[in-house]
Amino acid sequence: MQSEIKLTILGSTGTIGENTLDVVSRHASCQVIALTANTQVEKLYQQCLQFQPRYVAVADEAAASLLAEKLQHTAPEIIVLSGVAGLETVAALDEVNTVMAAIVGAAGLLPTLAAARAGKKILLANKEALVMSGHLFMEEVRHNKATLLPIDSEHNAIFQCMPEHYADGLQQVGVNKILLTASGGPFRTKALSELKNVTPAQAVAHPNWVMGQKISVDSATMMNKGLEVIEACWLFNTTVDMIEVVIHPQSIIHSMVSYKDGSVLAQLGNPDMRTPIAHAMAWPERIESGVEPLDFFEVANFEFEKPDMQRFACLRLAYEAMKSGGTATTILNAANEVAVDAFLKERIGFLDIPQIIESSLNHLNIEPATSLDQVLKADQQARLHAEEEVLRNHRTN
Ligand code: NAD
Ligand code: MG
């Protein structure tokens with residue numbers, strides 16, 4: 001790599017965080033300046049010993065104290081910060097040029113925004129930040145001349161298949177459609193009548209990818225693809241009608257761009273997040289990621305299907321929310337987070353997830369998302385409503 005990467009990893013103990021550290025460990029020009037987590041003290045402690053960051057930020061205050069105590073004996077030079085303020089601080093440090101945004105859910109918004117305001121190169125895994133507040137987030141990126149590079153494998157693939165000046169408008173550069181691929185998750189072929197009783201363990205067992213629990217459930221409901229449709233609209237400055245979801249169960253083609261001359265460009269590779277991470281870290285150069293090259297003689301036949309919007313109601317709701325605009329996608333995201341958490345705790349059933357999201361979208365006022373306060377208020381209101389729905393479902397189940 002030509003220039004040195006000085007990195008903050010927001011969410012270093014998660015799946016994306018660990019994959020990022022794996023890529024970092026292969027390149028001497030990559031230096032970790034800050035690591036962060038929510039509560040996982042032991043894992044973060046081990047990462048501190050191995051990567052010797054200057055700072056570590058822990059969202060949970062009690063966990064931060066525990067970590068500080070442990071580090072006092074082994075690495076007292078590491079500065080321990082805590083709370084959201086600590087996360088925001090390490091996202092905006094002068095000595096950092098690159099921020100991996102890999103916190104899961106709405107909790108990622110404020111620290112990722114802090115990186116945007118500080119004009120950093122942001123490697124964006126935390127799709128929820130864009131779903132919650134796409135317009136405001138993109139404004140901050142532009143205004144502060146931050147660089148935004150997608151880590152989500154599909155968006156990274158699309159980015160790789162786009163012409164240089166795509167930000168001028170997709171039609172202008174000859175793009176006909178974005179083809180967003182989806183594996184279809186573990187329940188693509190399960191009988192509809194059986195979906196009601198699927199367990200959290202079945203839902204998180206993704207056929208092709210190893211991921212955190214929340215995104216794994218999102219993949220099973222296909223809300224993950226819904227969030228990605230919205231994410232793609234903001235990243236590539238386009239509207240939902242330009243984005244078509246194509247189910248491709250093998251997860252080898254990571255997405256495609258269709259051009260008006262009939263060409264379709266695709267990015268392929270083994271399903272391993274280290275490829276998009278290494279791509280975005282080194283962009284516009286290329287570096288080793290540790291991912292095995294794709295063996296075309298080994299891969300199964302490629303299949304493609306249209307998504308069934310009845311089976312995957314969450315995907316339909318995401319399209320509708322993006323069409324409604326304003327705080328609709330904030331409500332969609334918040335209600336989904338509450339419902340997924342309740343499902344993982346076995347408080348509600350799998351099919352209650354879309355029902356709770358739809359109820360939240362129907363009951364709450366959708367307003368223009370013109371300020372961060374408005375977005376955070378919509379997020380809070382949707383969480384309250386969704387939690388009431390969880391309680392109601394819990395009682396009637
Ligand atoms: P994960 O659950 O494995 O890790 C989440 C990380 O966020 C952990 O480090 C955790 O400590 C931190 N975190 C959680 N709550 C927090 C809070 N309140 N405050 C501060 N930190 C908090 O999740 P993951 O699978 O690594 O996914 C991370 C993000 O990347 C998600 O937005 C997901 O949609 C996106 N993403 C993941 C994958 C994947 O393959 N795992 C692929 C594409 C996009
Ligand atoms: Mg993805």
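Counting convention: from 1, in listed order, for ligands and their atoms alike.
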Restricting to N/O/S, name the atom of E228 that gets closest to the Mg ion (ligand 2).
OE2

Which of these, S219, G11, A107, has its nearest heavy atom closest to atom 12 (C) of ligand 1?
G11

Looking only at protein heavy atoms, which one is nearest to atom 25 (O) of ligand 1, and what is the separation?
G212 N, 2.9 Å

Nearest N/O/S atom of E154 with respect to the Mg ion (ligand 2), by atom name, please.
OE1

Going by the atom numbers of ligand 1, which of them fall below 4.0 Å from some non-hydrogen atom of I16?
26 (O), 30 (O), 37 (C), 38 (C), 39 (C), 40 (O), 41 (N), 42 (C)

Which residue and heavy atom of the protein sit nearest atom 29 (C) of ligand 1, plus the separation:
I103 O, 3.8 Å

Counting from 1 in the order shown, the ligand 1 atoms closer than 4.0 Å to a non-hydrogen atom of A125 are 30 (O), 32 (O), 35 (C), 36 (N), 44 (C)

Taking the basic N atoms (NZ, or NE/NH1/NH2) and the acidic carboxylate oxygens, is any pair closer than 4.0 Å for R26 and E288?
no

Centroid-centroid distance, F187 to F312, less than 6.0 Å:
no

Pairwise distance CG(L235) to CG(L124) - rounded to 0.5 angstrom
6.5 Å

Restricting to N, O or S atoms of D152, which is nearest to the Mg ion (ligand 2)?
OD1

With a 3.5 Å cut-off and no angle check, do the side chains of Q355 and N393 form a donor-acceptor pair?
yes

Restricting to heavy atoms, the pick from E128, K127, E18 nearest atom 32 (O) of ligand 1 would be E128

Yes or no: does A102 have any heavy atom under 4.0 Å from an atom of ligand 1?
yes

Atoms in ligand 1 with a heavy atom of N126 nearer than 4.0 Å
32 (O)

Below the 3.5 angstrom mark, is there an N/O of S153, backbone or side chain, next to an N/O of ligand 1?
no

In the protein, what heavy atom is nearest to atom 43 (C) of ligand 1, and what distance, to one decimal place, separates them?
D152 OD1, 3.1 Å

Pick, from T13, I151, V210, the option with the minimum heavy-atom distance to atom 10 (C) of ligand 1.
T13

Among side-chain atoms of E61 and S82, is any donor-acceptor pair under 3.5 angstrom?
yes

At what distance is the nearest protein heavy atom to atom 4 (O) of ligand 1, and which residue and atom is it?
G14 CA, 3.1 Å

A student comparing V104, I277, L124 should find that the heavy atom closest to atom 14 (C) of ligand 1 comes from V104

Mind checking whether W209 and H254 have parallel, tilted or perpendicular rings, split at 30° and 60°?
tilted

For A59, counting its heavy atoms only, list the atoms of ligand 1 lying under 4.0 Å from any of them.
19 (N), 20 (C)

Determine the interplanar angle of the W234 and H135 rings, folded into 0 to 90°, and report it as parallel if under 30°, tilted if 30 to 60°, perpendicular if over 60°.
tilted

Candidates I215, V58, N38; heavy atom nearest atom 11 (O) of ligand 1 found on N38

Got more than 12 heavy atoms from elsewhere within 6.0 Å of CD, Q52?
yes

Could you tell me whether the side chains of N362 and E358 share a donor-acceptor contact shorter than 3.5 Å?
no

For atom CD of E303, is the number of surrounding heavy atoms from other residues, nucleotides or ligands below 6.0 Å larger than 12?
yes

Give the atoms of ligand 1, by number and element, whose distance to some non-hydrogen atom of L87 is under 4.0 Å.
20 (C)

Is it the case that H206 and S183 place a side-chain donor and acceptor less than 3.5 Å from each other?
yes

Is any N or O atom of M273, backbone or side chain, closer than 3.5 Å to an N or O atom of ligand 1?
no

E292 with R274: basic N within carboxylate O range, under 4.0 Å:
no

Considering distance alone, does some N or O of Q213 sit under 3.5 Å from an N or O of ligand 1?
no

List ligand 1 atoms under 4.0 Å from A37, heavy atoms only on the residue side.
11 (O)

Check the side chains of S359 and H385 for a donor-acceptor pair under 3.5 angstrom, ignoring hydrogens and angles.
yes

